[in-house]
Amino acid sequence: MTLLCALALTLALLGGVMVLGGMLRQDMAVGAVGLLLGNTAISGLTLLLMLQQGGKRGQQ
């Protein structure tokens, strides 16, 4: 689970860098891909954390 969280955070950071790079180069395609990548990573991280909390709650 920790590895998946680290991967999601890394992808979110990469997406943010791509958005900034797209803004600096004024390249809409790079910015759009970075935004999509970052949003997907954050959504996946949120889902992982929700599933992890649900599993802990069910064990108690």
Side-chain angles (χ1 to χ4, degrees):
M1 185 64 80
T2 306
L3 184 63
L4 288 175
C5 289
L7 179 65
L9 286 174
T10 304
L11 287 176
L13 185 63
L14 179 65
V17 169
M18 286 179 70
V19 169
L20 288 175
M23 287 171 59
L24 290 174
R25 290 180 48 203
Q26 295 181 349
D27 188 357
M28 291 289 287
V30 173
V33 170
L35 207 61
L36 184 64
L37 185 66
N39 283 342
T40 304
I42 293 296
S43 298
L45 181 62
T46 305
L47 182 62
L48 279 173
L49 292 176
M50 286 175 61
L51 289 174
Q52 187 178 16
Q53 291 297 321
K56 285 182 182 177
R57 190 170 297 142
Q59 289 174 356
Q60 291 178 350

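This structure is a prediction, so every number in the text was calculated from the model and none was measured.
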Are L14 and L7 joined in one hydrophobic group, where the rule is that I, L, V, M, F, W and Y side chains link up if heavy atoms are under 4.5 Å apart? yes

Side chain to side chain contact (heavy atoms under 4.5 Å, CB included), paired with T46, selected from L48, L49, I42: I42

Smallest separation among heavy atoms of A6 and T10, with atom names: O-OG1, 2.7 Å

Any idea which heavy atoms bring A41 and A8 closest together, and the distance? CB-O, 3.3 Å

Separation between CE of M18 and CE of M23, rounded to the nearest 0.5 Å: 14.0 Å

Find out if a path of hydrophobic residues (ILVMFWY) with successive side-chain heavy-atom gaps under 4.5 Å connects L13 to V19. no

Do you reckon L9 sits in the same ILVMFWY cluster as L37, going by side-chain contacts under 4.5 Å, direct or chained? no

Connected via hydrophobic side-chain network under 4.5 Å: L11 and L4: no

